Amino acid sequence: MSTTAPATAVSWFDRAAAVTPGGVHSPVRAFAAVGTPPIAIADAHGAHLRDTAGRTFVDYIGAWGPALLGHGHPAIEAAVVDAATRGLLFGLAGADEVTLAERIVARVPGCQMVRFTVTGTEATMSAVRVARAATGRQTILKFAGGYHGHADMFLVAAGSGAATFGIPDSPGVSSATAADTAIAQFNDLDSVDRALAAARGRVAAIVVEPVVGNMGCVVPEPGFLEGLRERCSRLDIVLIFDEVMTGFRVARGGAAERYGVTPDLVTLGKVIGGGMPLAAFGGQWSLMQRVAPAGPVPRGDVCGTSAVHRGGARRARRHRRKARSLREPRRGGARLQAGLEAGARAAGVDVSHSGSGRCGRCIASRPVRGWADASAVDRDAYALLPRHAVLRSCSHPRPSSRPSSPPRTTMA
Ligand code: PLP
């Protein structure tokens with residue numbers, strides 16, 4: 001099968017590459033791991049995306065999480081338009097932000113107070129700052145292959161785009177910053193103990209994706225999260241669950257609810273905004289009271305939490321609660337998993353699925369429990385599914401209006 005893209009896509013990407021590094025504004029959009037030219041989206045409705053070449057795709061990416069209710073949900077669109085007509089950004093507090101904060105506090109275990117940010121990166125950076133301020137220590141312990149955004153301290157043995165491109169230690173990160181980041185292996189408490197011993201008395205926080213989405217949705221083995229909790233409590237270390245990917249997804253209260261382990265701080269993003277740029281960090285009252293202006297830890301945002309973002313987020317939350325498929329998130333995830341596995345088996349391909357709830361991925365022919373397994377995955381084989389899904393769609397004509405029946409394409 002040819003990997004040549006239609007002329008329109010190439011000319012779009014050529015133009016983009018001339019004015020933007022790599023032609024995209026976030027690395028995974030370049031499709032480097034997929035092995036096709038990237039696609040540029042013209043519009044999206046429900047479960048479908050349409051690109052500038054008129055091809056229609058079933059969207060299994062879902063904006064990497066936020067588009068959980070599909071694109072252009074009428075109630076969310078209406079809430080956003082309604083909020084926009086009342087002013088975009090005030091640089092002042094908004095009366096409605098308390099409602100959203102109250103709902104998050106009511107829903108997420110251990111989250112007694114919450115502060116909104118725009119991106120997940122800001123949320124994780126801020127949570128670490130609070131932990132350092134509270135403990136008076138410098139070092140953070142993270143897990144190889146875990147991704148917590150693009151702040152310098154996290155770009156050490158990072159997953160996600162960094163893993164895709166094989167840049168575990170990023171240029172541009174100072175050695176002093178990297179020295180403050182200790183690394184352990186997910187699902188391996190002995191490696192945690194070794195790292196804690198090597199940095200004895202210096203560890204402010206353990207930061208963990210409780211289900212490691214950025215390594216292929218690797219689930220915690222029984223006792224692992226509990227083991228982190230026990231060590232943090234014993235050594236006065238702040239336990240931070242980065243639930244930017246798992247929040248409201250693996251369960252309505254996130255992985256903390258699903259696995260019954262309560263962190264000291266939690267970070268949220270992606271799904272929380274229902275497609276609008278919104279994220280948050282929150283946790284124990286005594287820690288969150290350190291954040292300015294209640295306490296001395298700086299944290300500000302000119303463009304943070306506009307009324308429009310909050311309007312979309314509140315409406316998305318209400319509809320997530322009502323949507324039948326989301327009331328049973330794990331059941332929906334399990335159906336998709338079973339279908340993908342059956343399809344692979346019928347094609348004679350050996351895959352194993354990893355994940356929890358609506359976070360899942362077909363990743364390898366054997367189970368993945370940590371970074372060693374994830375980095376040994378046959379990436380060329382893994383790329384075949386998205387590559388062929390994208391290429392098969394080339395023959396689809398541009399629908400004249402919103403698609404009424406699903407196109408044949410299986411994945412974008
Ligand atoms: N934490 C996790 C677990 C993520 O998956 C991501 C993004 O992929 C981030 C943090 C950073 O979020 P953002 O891209 O909104 O800065």
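First listed ligand is number 1; within each ligand, the first listed atom is number 1. Just so you know, these numbers come straight off a predicted model, no measurement behind them. Residue numbers start at 1 and run along the sequence shown.
Residue T124 has no nitrogen or oxygen atom sitting less than 3.5 Å from a nitrogen or oxygen atom of ligand 1, judged on distance alone. Here's the thing with H150: none of its N/O atoms is less than 3.5 angstrom from an N/O atom of ligand 1. Looking at E209 next to ligand 1, no N or O pair under 3.5 Å apart turns up.
In T121, the parts holding a heavy atom less than 4.0 Å from any atom of ligand 1 are both the side chain and the backbone. Contacts between N214 and ligand 1, counted as non-hydrogen atom pairs separated by less than 4.0 Å, involve the side chain only. Contact annotation for Y147 and ligand 1: heavy atoms of both the backbone and the side chain come within less than 4.0 Å of the ligand. Counting heavy atoms under 4.0 Å from ligand 1, residue E122 does not touch it at all.
Interatomic distance, CD of E230 versus CG of L225, reported as 13.5 Å (0.5 Å rounding). Interatomic distance, CZ of R194 versus CD of Q185, reported as 8.5 Å (0.5 Å rounding).
In summary, the atoms of ligand 1 found under 4.0 Å from a heavy atom of T119, numbered by their order in the structure, are 15 (O), 16 (O). Applying the 4.0 Å criterion to heavy atoms of M245 picks out, from ligand 1, the atoms 5 (O). Ligand 1 places these atoms under 4.0 Å from at least one heavy atom of D242: 1 (N), 2 (C), 3 (C), 10 (C).
Between F241 and Y259, the ring center distance fails the sub-6.0 Å criterion. In summary, the aromatic rings of F116 and F281 are positioned with their centroids too far apart to meet the 6.0 Å limit.
Here the shortest heavy-atom distance to atom 15 (O) of ligand 1, taken over G120, G273, A151, A123, belongs to G120.
Between the side chains of R103 and T99, no donor-acceptor pair is found at a separation under 3.5 Å.
Formation of a donor-acceptor pair under 3.5 Å by the R369 side chain with backbone atoms of V218 is not found in this model.
For the pair M125 and R129, the minimum side-chain heavy-atom distance is below 4.5 Å.
Partners of D236 under the side chain to side chain donor-acceptor pair (under 3.5 Å) rule, at least two apart in sequence or in another chain, do not exist in this structure.
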